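Data first, discussion second: the structure below is written as structure tokens.
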Amino acid sequence: VISQIATKSNAENEGTVAGKGGDIFIKAGELILKDGGQIATGSMAGQSRQSQDSGNLTLQINGTVKMSGVNPYGENATGFGSGIYATSRGLEGNTGKAGQITLQAENLIIEDGAVIKTSTNNDAPGGNLKIDIKDTIRISGDASQILLQPPALQQIAYLQNFSPRRYNQSTSGIYASSEGTMERAGPSGNL
């Protein structure tokens, strides 16, 4: 059971440029992500900061991948639902592209707001999703019935730095999205 594995390119000081996010490779017999557990790579830069590309995620699971639920404290810069993420978060022109997600497994179960998602919220491109499931894919539910705790520091910082249009909303699924905050938005990845 994984709580969080993450790599990210994150410019923290004004005028600095963060490096490229690292790649993640996981090979296992089974993978369970629940209650906000995540595997994520991202490129993130706030106002007056610059970051490069996100890393790529490769998961080779011999058995079942089961993901369920959301972070009980709410959404943060990585995401809200339990899941697998490759993201690019920033403002126009200040961050690199989102990474690619490659998943191979026997079965895939996504429920109660969990997601697999590549996304961009700026003019950088989103990443591609390559999913190869040998037997069953089951996707169901959303996070609307889950009682949340008051926001923690990560959630408060995310709201202050990025002002998301939608917050704490998660419907189970597989997504490649582009959600630009201005007229210009980068292309989403392919699924």
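Given the structure is predicted, the values throughout are model-derived calculations rather than measurements.
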| request: Go through the structure and list residues passing side chain to side chain contact (heavy atoms under 4.5 Å, CB included) with Ser170, not counting sequence neighbours. | output: Val70, Phe80, Val115, Ala143

| Any side-chain heavy-atom pair of Asn71 and Gln38 under 4.5 Å | no

| message | Evaluate Lys34 against Asp112 for side chain to side chain contact (heavy atoms under 4.5 Å, CB included), listing each step before the verdict. | response | CA-CA 10 Å; Lys34 63 182 189 174; Asp112 299 330; over 6 Å; no

| For the student: nearest non-hydrogen atoms of Ala86 and Gly99, plus distance | CB-O, 3.3 Å

| query | So which residues get pulled into Leu153's cluster when ILVMFWY side chains under 4.5 Å apart are joined, directly or through others? | reply | none

| Within the distance-only criterion (no hydrogens, no angle test), does the side chain of Thr118 pair as donor or acceptor with the backbone N or O of Ala176 below 3.5 angstrom? | no

| field | Ile137 side, atom CD1; Ile139 side, atom CD1 - distance, nearest 0.5 Å | value | 6.5 Å

| query | Who pairs with Ala157 by side chain to side chain contact (heavy atoms under 4.5 Å, CB included), at least two apart in sequence or on another chain? | reply | Asn161

| query | Side chain of Thr41, backbone of Asn56: donor and acceptor closer than 3.5 Å? | reply | no

| query | Which atom names give the shortest non-hydrogen contact between Gly113 and Ser172, and what distance separates them? | reply | N-OG, 2.8 Å

| note | CD1 of Ile39 to CD1 of Ile26, rounded to nearest 0.5 Å, is 3.5 Å

| note | Here the gap from Arg138 atom CZ to Ile133 atom CD1, rounded to the nearest 0.5 Å, amounts to 13.0 Å

| Would you say Ser82's side chain and Gly69's backbone share a donor-acceptor pair under 3.5 angstrom? | yes

| task | Identify, with sequence neighbours excluded, every residue that meets side chain to side chain contact (heavy atoms under 4.5 Å, CB included) alongside Thr171. | result | Asp142, Tyr175

| task | Answer with yes or no whether the hydrophobic clustering places Ile131 together with Ile84; edges join I, L, V, M, F, W, Y residues whose side-chain heavy atoms lie under 4.5 Å apart. | result | yes

| request: State, to 0.1 Å, how close Met67 and Gly83 come at their nearest heavy-atom pair, and which atoms those are. | output: SD-CA, 3.7 Å

| request: Could you list all the salt bridge (charged side-chain N to carboxylate O under 4.0 Å, His left out) pairs where at least one residue sits in residues 54-70, not counting sequence neighbours? | output: Lys66-Glu111

| task | Carefully, step by step, assess Gln154 and Tyr73 under the rule side chain to side chain contact (heavy atoms under 4.5 Å, CB included). | result | CA-CA 9 Å; Gln154 284 188 351; Tyr73 298 99; over 6 Å; no

Counting only pairs under 3.5 Å, give me each side-chain donor-acceptor contact of residues 101-108, with atom names and distances, residues two or more places apart or in other chains.
from: Thr102; atom 1: OG1; to: Gln100; atom 2: NE2; distance (Å): 3.3
from: Asn107; atom 1: OD1; to: Thr136; atom 2: N; distance (Å): 3.2
from: Asn107; atom 1: ND2; to: Thr64; atom 2: OG1; distance (Å): 3.3

| message | So Thr58 and Asp23, do their side chains get closer than 4.5 Å, heavy atoms only? | response | no

| Between CG of Leu129 and CG of Leu191, what distance do you get to the nearest 0.5 Å? | 5.5 Å

| said: Please determine whether residues Ile61 and Ile174 belong to a single hydrophobic cluster, defined as Ile, Leu, Val, Met, Phe, Trp and Tyr linked transitively by side-chain heavy-atom distances below 4.5 Å. | reply: yes

| request: Quick one: list whatever passes side chain to side chain contact (heavy atoms under 4.5 Å, CB included) with Leu159, sequence neighbours left out. | output: Pro164, Tyr167

| task | With sequence neighbours excluded, give me every salt bridge (charged side-chain N to carboxylate O under 4.0 Å, His left out) pair touching residues 144-158. | result | none

| said: Quick check against the 3.5 Å criterion: does Asn128 have a side-chain atom that pairs as donor or acceptor with the backbone of Asn190? | reply: yes

| message | A side-chain contact here means heavy atoms from C-beta on lying under 4.5 Å apart; do Val65 and Leu59 qualify? | response | no

